[in-house]
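Contents: one structure, followed by commentary.
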Amino acid sequence: MPDEHVSILQSLGVVILALAAAIWVFGLVSLARRGHFGVVVWPTGRTLRALPRQRESAPQLESVELSAAERDAFAGLVRQLSNGR
């Protein structure tokens with residue numbers, strides 16, 4: 001008989017694992033029946049307090065006027081990087 005060489009702790013371990021698996025399956029089945037696996041939708045007015053407030057609009061765009069020499073230098077750089085294309 002193969003049970004002759006199995007210690008009591010090994011037998012107890014198998015019983016505990018089987019019991020834990022049965023409880024886990026029972027928990028999953030009860031959660032599935034209640035419908036808790038769906039997507040949780042947060043109310044629209046609720047925000048997280050740990051995050052800073054978001055801006056309502058985009059920041060102002062910045063622009064700088066280039067001189068004629070700067071425009072020529074930029075055009076030369078673009079030609080150099082695009083290999084004359």
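Everything numeric here is computed off the predicted structure, so don't read it as measured data. Computation of the quantities below employed the complete heavy-atom set of this structure, encompassing side-chain atoms and omitting hydrogens, waters and symmetry-equivalent molecules.
For the atom pair Leu66 CG and Asp72 CG, the distance stands at 10.5 Å (nearest 0.5 Å).
Shortest non-hydrogen contact noted between Gly27 and Ser30 is O-OG, 2.9 Å.
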Distance-only donor-acceptor hits, side chain of residues 9-22, under 3.5 Å, sequence neighbours excluded:
from  : atom 1 : to   : atom 2 : distance (Å)
Gln10 : OE1    : Ser7 : N      : 3.2
Ser11 : OG     : Ser7 : O      : 3.3

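Other cluster members for Leu61: none, since no ILVMFWY side-chain heavy atom sits under 4.5 Å from it.
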